[in-house]
Amino acid sequence: MIDIRALRENPDRVKDNAARRGCTVDVDKLVALDREYVGLIREVEDLRAERNRLSKECQTNPAARDTVKEMKVTLANKESRMAELKTVVDEQMTWLPNFLSPDVPDGGSDADNAALRFVGKKPEFAFAGRDHQALGELLGIIDTGRGAKVAQSGFYYWVGKGAQLTQAMFFWAQQELVKRGFTLFMSPCVAKEQTLFGTGYLPFFKDQTYTLSGEDLALIGTSEQTLVGYHADEILDAGTLPRRYTSYTPCFRTEAGSYGKESRGIFRVHQFHKVEQIIFCLPEDSPRCHELCLENEEYLLQQLGLPYRVVNVCVGDMGAPGYKKYDIEAWYPGYGGYREVTSNTNLTDFQARRLGIRYKGSDGSKGFVHTISATGVTDRVVCAILENFQQEDGSVIIPEVLRPYTGFDRITPGV
RNA sequence: GGAGAGGUGGCUGAGUGGUCUAUGGCAGCGGUCUUGAAAACCGCCGUACCGCAAGGUACCGAGGGUUCGAAUCCCUCCCUCUCCGCCA
């Protein structure tokens, strides 16, 4: 949610931003409705002041009661119009996108993202590289068929050494982030509507959400929802910022409308797993914290030995709550291209405003915190490990940093 | 799932129709005193919104209702705690 004062003081800026981000809210109409609303606030509050004054007078002057009774009718009419306007204005406000960092590239899709740098050396195979699905089947470590049998298409099993490798990576990543100042959480994997709304997933990504029937609960699409929601309606002591939180949870997404798009393997699925990075910080600190999360992402991929590129995500490929976003795309030799493995968004005060997360400084300063939401690692990173470290016979060499956690240094077909 | 108790400001905890944003304590801020600190004493100390300002309005779990007037009375809902049952 943007500050409604921005709308009142500089509607053109809001309008331009909304247009650039493909938002269909009629800003001019919204401004007019808000203006009427603010005018009514004045009238209603004046009437209430008069009513309150007369009510006190009733104790000594019973005749005042009749006056107040009459006044209540007028007041009730204005109040109901005011409530009506507020409902409409609030609803429209929730659809307005965040403002953009000046260095966000234009563009309509991920093809327009700006590559910032390429890191790591792509492996060179003297054989035809397999993709993760082929490797997973050959090694018997990814089972999509039984995932579909038991749950639905889009669910899958990691099996045997694949599951060990995956768990090893997730545990290792959590440990690394803790070393870097993050507090580890185990989080609920469901959240109520208000939490999803507050984090900006609703109303924008409603059709991506699995809701539980008969409950005000949905499966989380990311632990960002529960970690950011953790401090809803709280005032944080500025001295405790930035706060760095991490957790490892499953993430559930319906992926409505994306059937058939890059659907081979387990790249786009209904349930994946993620180690998340969340930072709450002071407004002036959010660009720095955003970079910090990117450094962490890069550090993890470098330790694993994976080649990747960093992209500055363009307007059209960024969700409405984002102010600036970096994606990291790992190299997938079996697939033959770079594919998104992490994303890292500076949401500025967009979530904090909706959730009521504020800070207070000892110098009396106060305001909404900024939030950064970034990936640590996901299952997609394991897919990249499989593709990059595959051998001609289909076996996969385990990155050294993970070996203390896996207890083995390679996965071999038939073993 | 069954039974009971309760939700008031950063915390604690009074308040059962009007002068209540709301007693007291703790924490916090400022000051007196002190070489400094502690203690003691004095003062300040919620949030949001409207307004140039003066000031005003709203908020005692949420939403309705009664009333000239609701933290206080009525209704609905939510949540928390305790005990019992079940159980990873």
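Note on naming: letters A, B, ... go to the chains in the order of the sequence lines (proteins, then strands), and numbering restarts at 1 for each one. We use all heavy atoms of the structure for the numbers below, so side chains are in, but hydrogens, waters and symmetry mates are not. Note that this is a predicted model, so its numbers are computed, not measured.
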task = May I ask you to decide if the ring planes of A:Tyr201 and A:Phe205 are parallel, tilted or perpendicular, using 30° and 60° as cut-offs?
result = tilted

task = For A:Asp46, answer base if it contacts any base atom (sugar-phosphate contacts may also be present), sugar-phosphate if it contacts only those atoms, and nothing otherwise; contact means non-hydrogen atoms under 4.0 Å.
result = nothing

remark   = Result for 5'-nearest mapping on RNA chain B, choosing between A:Arg358 and A:Arg65, is A:Arg358

request  = Indicate yes or no: does A:Glu79 engage A:Arg48 in a salt bridge with an N to O separation below 4.0 Å.
outcome  = yes

query = Rounded to the Å, how far apart are A:Gln59 CD and B:U19 C1'?
reply = 8 Å

query = Under 4.0 Å: is that the gap between some side-chain N or O of A:Lys72 and OP1 or OP2 of B:G69?
reply = yes

key: Counter-base of B:A70, judged by Watson-Crick or G-U geometry with both distances under 3.5 Å   = none

key: Reported CG-to-CD1 distance for the pair A:Leu30 and A:Ile4, which is rounded to 0.5 angstrom   = 6.5 Å

ask   = Which value, in whole Å, describes the distance between the P atoms of nucleotides B:G6 and B:C75?
value = 15 Å

request  = Return the value, rounded to whole Å, for the distance between atom CD of A:Glu70 and atom P of B:G69.
outcome  = 14 Å

remark   = Closest to the 5' end of RNA chain B, once A:Asp66 and A:Ala49 are matched to their nearest nucleotides, is A:Ala49

request  = Nearest whole angstrom, please: distance from the P of B:C50 to the CD of A:Glu50.
outcome  = 23 Å

query = Distance between the P atoms of B:G25 and B:G13, in whole angstroms?
reply = 16 Å

query = With rounding to whole Å, what would you report as the distance between B:G9 and B:C59 at their P atoms?
reply = 15 Å

message = How many whole angstroms separate atom CZ of A:Arg48 from atom P of B:C68?
response = 18 Å

key: Under 3.5 Å on both distances, the Watson-Crick or G-U partner of B:C60   = none

message = Does this structure show an ion pair linking A:Asp285 with A:Arg288, if we count only N-O contacts that are shorter than 4.0 Å?
response = yes

query = Which part of the nucleic acid, if any, lies within reach of A:Arg53 when heavy atoms closer than 4.0 Å are counted: base, sugar-phosphate only, or nothing?
reply = nothing

A:Asn61 side chain near B:C68 phosphate (N/O to OP1/OP2, under 4.0 Å) = no

message = I need the A:Gln92 CD to A:Lys29 NZ distance, nearest 0.5 Å.
response = 7.0 Å

task = Please state how far atom CD in A:Glu234 lies from atom C1' in B:G46, giving the value in whole angstrom units.
result = 16 Å

Complement of B:C52, any strand, by Watson-Crick or G-U distances under 3.5 angstrom = none

request  = Rounded to the nearest angstrom, tell me the gap between atom CG in A:Leu85 and atom C1' in B:C50.
outcome  = 15 Å

ask   = According to the Watson-Crick and G-U wobble definitions, with both distances under 3.5 Å, which nucleotide is paired to B:G85?
value = none

inquiry  = Can you see if the side chain of A:Lys366 gets near the phosphate of B:A48 - specifically, an N or O under 4.0 Å from OP1 or OP2?
reply    = yes

